[in-house]
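Contents: one structure, followed by commentary.
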Amino acid sequence: MRTVHKSGLAAAAALAGLTAAVLPGGSASAASVSAAERPSAKTAVKAGGPAVAAACSVKRWNHTGKYKCGTRVMDAHWDSSAGYDETFVIAPDRTIWHIWARSGGWKQMPNGGRADNMAGYDTSNGRTVAVWVGSVKWCTNYKNNKWNAWHKCRG
């Protein structure tokens, strides 16, 4: 017989709140996300409030940022020049951040995206960034000098 301690219930409640906004941009409710699509809570810890994952450091263009340990630090090469042009990470609170040479520091991606890991980027039709939310891939495109709304990736 398994015993559940009060601290375990508190952690479970905190993790339940974490899954309430698993989709970037709030474009769908958590109820429409299957259990397989929900993020894993194995690395989450309670730190004085909502559950957050452990933070690791990443430095780009002389600015240090924090990302969720165990996730991908994605360096995007938008043109044919040597080196990367922009870097994307998932923060411990699942927000999506990026930095580029003249940004002045790390910036949160617009449109309220949340994700579990970086999936990739594409240059075939402008600039596209993809993230994983559970087992579902979500994308945003950079068009008209701005990052547009998150949407499920095609294909």
Side-chain angles (χ1 to χ4, degrees), residues 14-45 47 49-155:
L15 293 174
L18 178 68
T19 62
V22 295
L23 301 179
S27 59
S29 70
S32 67
V33 179
S34 73
E37 294 173 331
R38 291 193 183 123
S40 169
K42 290 180 181 176
T43 59
V45 295
V52 294
C56 289
S57 294
V58 57
K59 190 171 187 176
R60 295 291 187 272
W61 292 284
N62 221 19
H63 297 278
T64 301
K66 299 290 183 187
Y67 71 100
K68 184 175 148 185
C69 295
T71 61
R72 179 180 179 191
V73 174
M74 186 175 77
D75 293 320
H77 303 270
W78 298 127
D79 55 35
S80 59
S81 65
Y84 49 85
D85 302 303
E86 194 167 1
T87 299
F88 297 84
V89 298
I90 306 300
D93 67 356
R94 300 182 62 246
T95 54
I96 306 160
W97 291 74
H98 63 141
I99 191 170
W100 58 100
R102 289 185 227 126
S103 65
W106 289 91
K107 310 288 184 201
Q108 187 172 347
M109 288 288 287
N111 304 313
R114 298 278 188 276
D116 299 310
N117 208 344
M118 298 305 306
Y121 68 95
D122 184 45
T123 60
S124 63
N125 188 20
R127 296 178 185 179
T128 301
V129 169
V131 297
W132 289 108
V133 178
S135 61
V136 178
K137 196 184 291 187
W138 288 80
C139 291
T140 183
N141 307 94
Y142 188 80
K143 291 185 181 175
N144 301 319
N145 294 317
K146 67 177 184 173
W147 288 103
N148 293 281
W150 292 95
H151 59 276
K152 283 188 181 179
C153 301
R154 294 184 192 111

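By convention here, the first residue in the shown sequence is residue 1. Here the structure is a predicted model, which is why all the values come from computation and not from measurement.
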Could you tell me which non-hydrogen atom of [X] sits nearest to which non-hydrogen atom of [Y], and how far apart they are?
| X | Y | result |
| --- | --- | --- |
| Y67 | S57 | CE2-O, 3.5 Å |
| V136 | W138 | CG1-NE1, 3.5 Å |
| G70 | N117 | O-ND2, 4.4 Å |
| A53 | K68 | CB-CG, 3.5 Å |
| G113 | W150 | CA-NE1, 3.5 Å |
| T140 | M109 | CG2-CE, 3.9 Å |

Under 3.5 Å, side chain of N141 to main-chain N/O of N148, donor-acceptor pair present?
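The answer is no, because no donor-acceptor pair under 3.5 Å joins these two groups.
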Whether the side chain of Y121 engages the backbone of H77 through a donor-acceptor N/O pair (distance < 3.5 Å, no angle test) should be reported.
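Side chain of Y121 to backbone of H77, a donor-acceptor pair under 3.5 Å: yes, one is there.
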Carefully, step by step, assess W97 and V58 under the rule side chain to side chain contact (heavy atoms under 4.5 Å, CB included).
CA-CA 12 Å; W97 291 74; V58 57; over 6 Å; no
Between K143 and N125, is any pair of side-chain heavy atoms under 4.5 Å apart?
yes
Side-chain touch K66/W106, heavy atoms, less than 4.5 angstrom
no
How long is the gap from [atom1] on [X] to [atom2] on [Y], to the nearest 0.5 Å?
| X | Y | atom1 | atom2 | value |
| --- | --- | --- | --- | --- |
| T87 | W100 | OG1 | CH2 | 11.5 Å |
| R114 | I90 | CZ | CD1 | 10.5 Å |
| W78 | D122 | CH2 | CG | 8.0 Å |
| W147 | R127 | CH2 | CZ | 7.0 Å |
| R60 | E86 | CZ | CD | 12.0 Å |
| N111 | H151 | CG | NE2 | 11.5 Å |

In V73, V89, V131, T71, the residue satisfying side chain to side chain contact (heavy atoms under 4.5 Å, CB included) with M118 is V131
Aromatic ring pairing F88/H98, orientation class (parallel under 30°, perpendicular over 60°, tilted between)
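Because their plane-to-plane angle is under 30°, the rings of F88 and H98 count as parallel.
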Would one find more than 12 heavy atoms of other residues, nucleotides or ligands at under 6.0 Å from atom CG of N144?
no
